[in-house]
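Encoded as structure tokens, the structure appears first; notes follow it.
Values below: every heavy atom of this structure, side chains too, minus hydrogens, waters and symmetry copies. All chains are named by letter (A, B, ...) in the order of the sequence lines, taking the proteins before the strands, and each is independently numbered beginning at 1.
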Amino acid sequence: MSERRKPYPFDQIEPKWQAIWDERQLFHALNPGEGNFDPAKPKFYVLDMFPYPSGAGLHVGHPEGYTATDIVARYKRMRGFNVLHPMGWDAFGLPAEQYAIKTGQHPSITTRDNVAKFKSQLERIGFSYDWQREVNTTDPRYFKWTQWIFLKIYNSWFNPETNKAEPISTYRGDDPDSVRLAYIAEVPVNWCPELGTVLANEEVIDGKSEVGGFPVVRRPMRQWMLRITAFAERLIDELDGLDWPQSIKLLQRNWIGRSEGAEIDFAVAGVADSGAAVTDRGHKIRVFTTRPDTLYGGTYLVLAPEHSLVDLIVKKEQWPAMREYREKTARKSDLERTELSKEKTGVFSGAFAINPATNQKIPIWIADYVLIGYGTGAIGGVPAHDERDFEFAKKFDLPFVEVVQPSGGEPAMGFTGEGIAINSPIINGLSTREAKRKIIAWLEQRGQAKGAVNYKLRDWLFSRQRYWGEPFPVVWQDGHHRALDESELPIVPPPLDDYKPTGTGEPPLAKAKDWVRYSEKASRETNTMPQWAGSCWYYLRYCDPQNDQRFVGEEAERYWMGDSTAGIGLQNAERKSVAAGSIRNQPGGVDLYVGGTEHAVLHLLYARFWHKVLFDLGYLSKPEPFQRLVNQGIILGEDNQKMSKSRGNVISPDDVIESYGADAFRCYEMFMGPLEQMKPWSMRGVEGVARFLARVWRLMMSENQAGEWELSSKVKDIEPDKPQQKIMHATIKKVTGDIEALSFNTAIAQMMIFVNAFTNVETIPLSAMRTFLVLLNPFAPHLSSELWEKLNKQFGKSDGDITEQSWPDYDERVLVEDEVEIAVQVNGKVRDRVRLSISATEDEVKAAVLASPKIQQLTAGHTVAKVVVVPKKLVNIVVN
RNA sequence: GCCGAUGUGGCGAAAUGGCAGACGCAACGGACUUAAAAUCCGUUGGGCUUUAAACGGCCCGUGCCGGUUCGAGUCCGGCCAUCGGCACCA
């Protein structure tokens with residue numbers, strides 16, 4: 001026997017409809033002011049995280065989120081929304097360049113090929129993207145504006161008084177370069193010799209590069225930084241209003257890492273006290289602590305090895321040990337620092353400080369468990385109530401003083417929680433919270449402390465020593481950087497044959513001597529921007545992708561990124577689902593953004609940061625870019641393992657579509673389980689869903705003698721009967737609510753129930769089929785389009801394609817039953833069922849239930865203590 | 001170590017505090033077929049039990065232990081396991 005017969009001719013109808021959609025540009029959204037734009041329509045912006053087009057092509061994980069958003073997009077269009085549903089390419093970055101170096105092909109060529117491959121794969125799935133809005137971060141017409149935004153950032157500063165980014169011209173100080181949001185700093189960076197570039201903290205995992213897994217070492221270099229830390233507070237606070245998963249908000253909060261506490265000054269003990277030769281009079285060491293209430297327990301100070309005061313306070317005889325320790329620390333890579341973290345190290349400086357609470361002399365130590373980049377780079381050691389200080393003090397035999405009494409029975413030694421202050425004259429007996437407040441006030445009065453907030457977040461290391469990225473619109477002259485004028489954009493990278501990293505830390509662009517030479521005196525910046533730059537604002541460009549006057553037109557931005565107007569013709573059940581947090585009526589920005597958790601702190605934080613800068617400068621209408629965020633879960637292989645080439649369990653969408661069709665692929669992706677959940681792939685499951693779609697086909701189509709499909713003679717233009725109407729309206733209700741709630745798996749289950757109910761009936765009512773096809777359309781757009789067209793050819797009387805239909809409403813009255821079955825429980829266990837009229841009163845229900853012979857038998861000899869009636873559902877008789 | 005998510009049949013999963021397991025997969029039985037595939041119909045959480053057979057009846061069951069409630073997969077407290085994130089951030 002030849003090839004197995006296809007259950008329905010998806011291989012013919014899918015390309016047919018994709019061609020029709022493309023030809024008619026059915027999914028192209030108009031902007032305000034364009035042609036037939038209808039201002040009465042509310043907007044809905046539904047966005048996917050655009051992919052990095054790798055050489056491997058799509059795997060089944062990509063289209064999971066894409067299918068979900070496509071269903072929502074198609075549904076919203078039918079609901080009368082003007083829907084923005086775009087797609088594009090995040091195509092700059094390390095992997096393309098690594099691949100290019102390996103194969104000798106220029107990254108622009110591999111990128112072009114990969115984009116073409118990705119695009120054709122996506123088109124095969126039948127997504128309703130508006131391809132006229134396609135963007136590509138490597139296109140000069142795109143990165144011109146990436147560079148333009150950089151100029152805006154460079155030419156701004158953060159005004160702490162207004163708590164906003166402002167043009168640098170409002171800065172009144174004498175050194176604007178010291179406050180710019182983009183600045184140059186000599187910082188210890190993550191240098192990856194193998195990749196020949198520095199990496200952001202976020203791109204280093206366990207001391208290895210995220211891309212490639214190569215070792216990363218610490219090394220000081222001059223780099224471009226973006227002052228994201230200025231926005232730390234707003235980035236945390238403004239999470240509150242966003243409709244994001246709690247876990248993602250928490251991830252961002254933890255990453256930003258806000259801590260409230262105090263900065264306390266410790267005076268360095270004078271010459272007379274220490275007997276040292278050098279004078280150290282007047283030096284103060286400022287420490288940051290979240291537990292000022294433990295000040296009385298502070299028995300030593302620690303400075304980070306890089307702390308600037310180290311040189312000034314270390315005693316002569318300690319110098320050799322100190323120098324050795326500092327060098328050893330500097331040489332440690334991140335990996336070593338992490339690995340060696342169990343054993344504390346440090347050296348005594350020979351100097352002492354005065355504890356402002358106890359007035360006692362305490363030793364000053366230098367240790368690398370204190371980080372120069374956090375707080376003040378110095379801490380007060382409280383061995384009795386901090387784990388790290390506990391270990392350190394134990395190792396170096398420093399004194400312990402207990403100052404917090406736990407409220408439970410636990411011992412005070414080593415207790416790090418909140419309790420009652422002891423051995424602390426000023427605050428004895430106070431709770432931790434009150435003790436903090438009081439001791440800060442006491443120190444403040446004497447000018448020795450002030451309340452302070454610290455963030456873990458560091459400024460964003462923004463330069464890379466690579467070829468395949470956006471060049472900076474900056475030149476250097478006489479050792480100073482200077483921004484180029486907007487009119488010079490885009491700055492296009494020079495065509496380089498040898499774009500390999502130099503290995504010295506000098507960027508490949510430096511090899512293009514002619515390009516680097518900007519003028520007699522000035523030369524170009526040769527670093528490039530990191531991959532995140534392009535993805536920081538792509539959602540804005542989609543709003544107005546062809547605009548060559550502005551990064552996004554004002555009107556387009558206001559419309560697509562503004563408030564989505566209230567939905568139209570809401571039914572009660574939908575209002576309920578709105579209240580329960582559905583995808584309607586959000587206060588602005590992208591209305592639904594779907595993507596993976598892996599971007600929880602990188603892309604999503606950077607994009608919010610850029611958005612806020614542009615908002616502050618008056619270029620955007622809302623302070624937050626993504627109003628609602630949903631993370632799709634990872635799809636595992638059939639073996640329940642993460643999909644990977646090495647495990648050989650990768651599923652390609654192409655193969656699935658080849659065997660079962662795009663509609664089956666889409667529906668299975670959604671039927672697997674809840675969108676947000678991690679779940680394993682199953683080819684058997686795909687088959688099951690394909691069978692469902694084939695049943696839909698055969699509901700309306702039958703094979704004639706010649707083996708050709710033709711419209712089934714069972715389909716007739718008659719009214720559905722009562723039970724059919726009931727299931728039809730129940731299906732409208734369920735599918736509508738489930739799409740709003742993104743519960744696509746249960747929506748499909750309901751459609752299966754619908755089809756099962758119409759299988760093997762004598763006549764198939766036309767109207768029920770038409771309604772059903774509209775419901776099915778967002779999930780299986782090709783199949784439903786084809787059947788819709790077949791019905792139209794036979795019966796006429798319907799305008800246009802299925803994609804132009806409006807979403808059906810349901811009638812609650814049809815769903816009302818005359819009679820309901822009521823479960824009868826005795827002491828919480830179901831013992832009987834009775835059928836009763838829907839209108840029966842509570843007393844009538846009670847009477848009917850108690851009259852049931854079965855119940856009488858069960859309750860005989862007992863007294864009925866209570867009867868609980870749940871209307872239309874259940875009665876519980878409590879007996880003793 | 002800290003933070004978070006998850007835990008329900010052989011499997012993927014359903015279930016506003018109200019009949020646990022919808023829907024699908026797999027398995028088994030039947031119809032159609034020369035036969036198979038496909039399709040259609042039916043059974044399917046575990047155990048016990050009544051009966052000639054059937055209808056039935058009873059008990060147990062949502063990771064474990066406890067609590068709240070007439071009633072708990074769902075709410076509360078405590079554990080266990082798996083996955084994910086952070087990890088000297090003072």
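Sorted by first then second residue, the salt bridge (charged side-chain N to carboxylate O under 4.0 Å, His left out) pairs that include residues 246-264 of chain A, not counting sequence neighbours, are Asp240(A)-Arg253(A), Arg258(A)-Glu260(A), Glu263(A)-Arg286(A), Glu263(A)-Lys450(A).
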Per-nucleotide protein contact string for nucleotides 20-33 of chain B (B base, S sugar-phosphate only, - none; heavy atom under 4.0 Å): --BBSSS-------
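Shown here, rA5(B) forms a base pair with rU82(B); the pair counts as Watson-Crick or G-U wobble because both key distances fall under 3.5 Å. Nucleotide rG66(B) is matched to rC76(B) when pairs are restricted to Watson-Crick or G-U wobble geometry with both distances under 3.5 angstrom. Pairing for rG17(B) is absent, judged as Watson-Crick or G-U wobble with the two contacts each under 3.5 Å. Across the strands present, rC25(B) finds its partner in rG10(B); the criterion is a Watson-Crick or G-U wobble pair with both atom distances under 3.5 angstrom. As the counterpart of rC40(B), rG30(B) is assigned, both hydrogen-bonding distances of the Watson-Crick or G-U wobble pattern falling under 3.5 Å.
Contacts of Arg831(A) with the nucleic acid, taken as non-hydrogen atoms under 4.0 Å apart, involve only primed sugar atoms and P, OP1 or OP2. Lys456(A) comes within 4.0 angstrom of a base, heavy atoms only. Heavy atoms of Met751(A) sit nowhere under 4.0 angstrom from any nucleic acid atom. Looking at heavy-atom distances under 4.0 Å, Ser259(A) makes contact with sugar-phosphate atoms alone, never a base.
No more than 12 heavy atoms of other residues, nucleotides or ligands sit less than 6.0 Å from atom CD of Glu387(A). Counting non-hydrogen atoms of neighbouring residues, nucleotides and ligands closer than 6.0 angstrom, the CZ atom of Arg835(A) exceeds 12 such neighbours. Residue Lys642(A) places its NZ atom among 12 or fewer non-hydrogen atoms of other residues, nucleotides or ligands, all under 6.0 Å distant. Annotation: Gln857(A), atom CD; neighbour count of heavy atoms from other residues, nucleotides and ligands within 6.0 Å does not exceed 12.
The side chain of Lys854(A) contributes an N or O atom lying less than 4.0 Å from OP1 or OP2 of rG57(B). Considering only side-chain N and O atoms, Asn760(A) lies under 4.0 angstrom from the phosphate OP1 or OP2 of rC41(B).
In summary, the side chains of Tyr455(A) and Thr229(A) do not present any donor paired with an acceptor at a separation below 3.5 Å, with no hydrogens or angles considered. Side chains of Ser259(A) and Asn454(A): a donor-acceptor N/O pair is absent below 3.5 angstrom, by distance only.
The nucleotide whose nearest atom lies closest to any side-chain atom of Asn876(A) is, among rC40(B), rG4(B), rC70(B), rC70(B). Here rG4(B) is the nucleotide among rA13(B), rG4(B), rA90(B) with the atom lying nearest to any side-chain atom of Ser247(A).
Remark: C1' of rA87(B) and OH of Tyr374(A) are 14 Å apart, rounded to the nearest angstrom.
At a non-hydrogen distance threshold of 4.0 Å, Lys866(A), Val868(A), Val870(A), Lys873(A) from residues 863-873 of chain A come into contact with RNA chain B.
Residues Leu874(A) and Gly377(A) each lie close to RNA chain B; by heavy-atom proximity, the contact nearer the 5' end of the strand is made by Leu874(A).
When Arg666(A), Lys679(A), Gln632(A) are each tested for a side-chain hydrogen bond (donor to acceptor under 3.5 Å, both in side chains) with Glu64(A), only one passes: Lys679(A).
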